[in-house]
Amino acid sequence: MQESKHSVILEQKKNLTVNGVESVSAFSEAKITLALFGGERMCVIGSGLKITGFSKTSGVFNAEGTVLGISYGGKSFASRIFK
């Protein structure tokens, strides 16, 4: 079983890398939903979003486009970090 730790790197609101991804649940140019190891979910909201890479073996996910927001486990990513 994969470890439940994960990380998010967002560069210039355009390039997204997420580690610890189990699967891509849904995707469109406006929203990408990821299932993370450990049962958490992450939603990426934006425009012109496209998946540029995903390795189920390593759990590394990459996407490009304009990222407008990230919600994590049903809460905003910022509220999760700054509780």
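Positions are given from 1 along the sequence.
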Report summary line: In terms of heavy-atom contacts, Leu34 and Ser25 come closest through C-OG, 4.2 Å
Query raised in the report: In this structure, are over 12 heavy atoms from other groups packed under 6.0 Å from Phe54 atom CZ?
Result: yes
**Report entry** ILVMFWY cluster, Leu49 and Ile45 together (side-chain gap under 4.5 Å)
**Finding:** no
Report task. Answer with yes or no whether the hydrophobic clustering places Ile51 together with Leu10; edges join I, L, V, M, F, W, Y residues whose side-chain heavy atoms lie under 4.5 Å apart. Result -> yes
Please tabulate, for the side chains in residues 12-24, all donor-acceptor contacts under 3.5 angstrom to protein atoms that are two or more places apart in sequence or on a different chain.
from, atom 1, to, atom 2, distance (Å)
Lys14, NZ, Thr66, OG1, 3.3
Thr17, OG1, Asn62, ND2, 3.0
Asn19, ND2, Ser7, OG, 2.9

Report summary line: With Val8 as partner, the option from Val44, Ile70, Leu36 fulfilling side-chain contact (heavy atoms from CB on, under 4.5 Å) is Ile70
Report summary line: Taken in chain and number order and not counting sequence neighbours, the residues that satisfy side chain to side chain donor-acceptor pair (under 3.5 Å) with Thr52 are none
